[in-house]
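Not measured: the values here are computed from a predicted model.
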Amino acid sequence: MNRILKSVIFMLATIYFLVDAVFMTVARPFANRIAAHRIFGSLRIRIVSLRPYPTLALFAVPLIVLEPVKPVAAYLAGTGHIAMGMTVLVVGEVLKLVLVERLFSVSRDKLISIPAFAWTYGRYSQAKEWLESFEAWQTARRWRRFARYVVRSYVQEVRASQRLERVSFQSR
């Protein structure tokens, strides 16, 4: 019974981290673009001026509000609303990861100064490293890099062919 429970927990943790890893590839560039805007400079200054516990409360808000997105999306997909479920999942996860990633990058040192947060973050990092040490995880990362390479190559070929078509059309 204990072995089955550990297997189920491992599968759930793996799925959770995989979903976050997939969405993080989209969320990180998006978050960097948003952070570059002037409007968010003053917001960043206000966040940095907060003390550790108000910063923790601010950090927890997107997690508490947007974490239920995964079960809601699963429910929608399970009840036949697949497109709506996928939309809820994608929008909610990207939004959550953008907000959490930005808040964490701005206030990491303050958050780590809170002992309970530091302990939890340490356990999270250990769990992530443990999952990433598996051969299956490393194989999935290789596949992801290969898929990204294939997609980028295809996009470059399409763009190059479109440029050639424009040049040949304009020269007539």
Side-chain angles (χ1 to χ4, degrees), residues 1-35 37 40 43-44 46-47 50 52-148 151:
M1 181 68 173
N2 193 19
R3 190 172 184 189
I4 293 171
L5 182 62
K6 284 184 180 182
S7 297
V8 169
I9 290 172
F10 173 77
M11 292 267 291
L12 290 174
T14 302
I15 291 169
Y16 180 85
F17 285 126
L18 281 174
V19 168
D20 278 355
V22 166
F23 283 105
M24 196 54 159
T25 60
V26 174
R28 184 166 283 134
F30 186 64
N32 291 338
R33 280 192 185 141
I34 288 174
H37 290 286
F40 295 103
L43 185 59
R44 184 179 191 273
R46 287 185 181 174
I47 292 170
L50 293 173
Y53 285 98
T55 302
L56 178 62
L58 183 64
F59 181 77
V61 167
L63 289 173
I64 293 168
V65 172
L66 295 171
E67 193 59 39
V69 163
K70 289 176 191 166
V72 168
Y75 171 78
L76 288 170
T79 57
H81 303 284
I82 296 172
M84 180 62 83
M86 289 303 294
T87 303
V88 167
L89 179 67
V90 169
V91 170
E93 276 299 301
V94 169
L95 186 60
K96 179 187 82 171
L97 290 172
V98 165
L99 290 172
V100 168
E101 196 273 332
R102 280 289 101 197
L103 287 170
F104 187 73
S105 68
V106 167
S107 56
R108 182 181 190 274
D109 294 335
K110 284 185 186 179
L111 291 170
I112 297 296
S113 72
I114 300 170
F117 187 91
W119 182 85
T120 305
Y121 182 69
R123 296 300 175 261
Y124 167 80
S125 297
Q126 286 177 343
K128 189 175 172 187
E129 288 173 11
W130 178 68
L131 281 173
E132 290 174 353
S133 71
F134 286 103
E135 183 63 33
W137 182 275
Q138 293 168 6
T139 301
R141 288 185 76 177
R142 284 192 296 273
W143 287 349
R144 187 187 83 189
R145 275 184 291 218
F146 179 71
R148 187 184 299 170
V151 168

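Within the model, atoms CG of Leu111 and CG of Leu103 stand 8.5 Å from one another, a figure rounded to the nearest 0.5 Å. We find the OH-CZ distance between Tyr124 and Phe117 to be 10.0 Å, quoted to the nearest 0.5 Å. Note that the CD1 atom of Ile112 and the OG1 atom of Thr120 stand 9.5 Å from one another [nearest 0.5 Å].
Listed by chain and number, the residues in a salt bridge (charged side-chain N to carboxylate O under 4.0 Å, His left out) with Glu129 amount to none (sequence neighbours excluded). Val88 is linked by a side-chain contact (heavy atoms from CB on, under 4.5 Å) to Val69, Val72, Ala73, Leu76, Met84, counting only residues two or more places apart in sequence or in another chain. Scored by the side-chain hydrogen bond (donor to acceptor under 3.5 Å, both in side chains) test, Arg123 finds no partners at all (sequence neighbours excluded). Tyr121 is linked by a ring-ring contact (aromatic ring centres under 6.0 Å, His included) to Phe104, counting only residues two or more places apart in sequence or in another chain.
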Contacts under 3.5 angstrom, residues 56-65 side chains, donor-acceptor by atom type, not counting sequence neighbours:
none

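Counting only residues at least two apart or in different chains, side-chain hydrogen bond (donor to acceptor under 3.5 Å, both in side chains) contacts with residues 102-116 comprise Asn32-Arg102.
Shown here is Arg145, whose CZ atom has more than 12 heavy atoms of other residues, nucleotides or ligands within 6.0 Å.
Considering only heavy atoms from C-beta on, Trp143 comes within 4.5 Å of Thr139 through its side chain.
Taking all atoms of both residues into account, the shortest heavy-atom contact from Glu67 to Lys96 is OE1-NZ, 2.8 Å.
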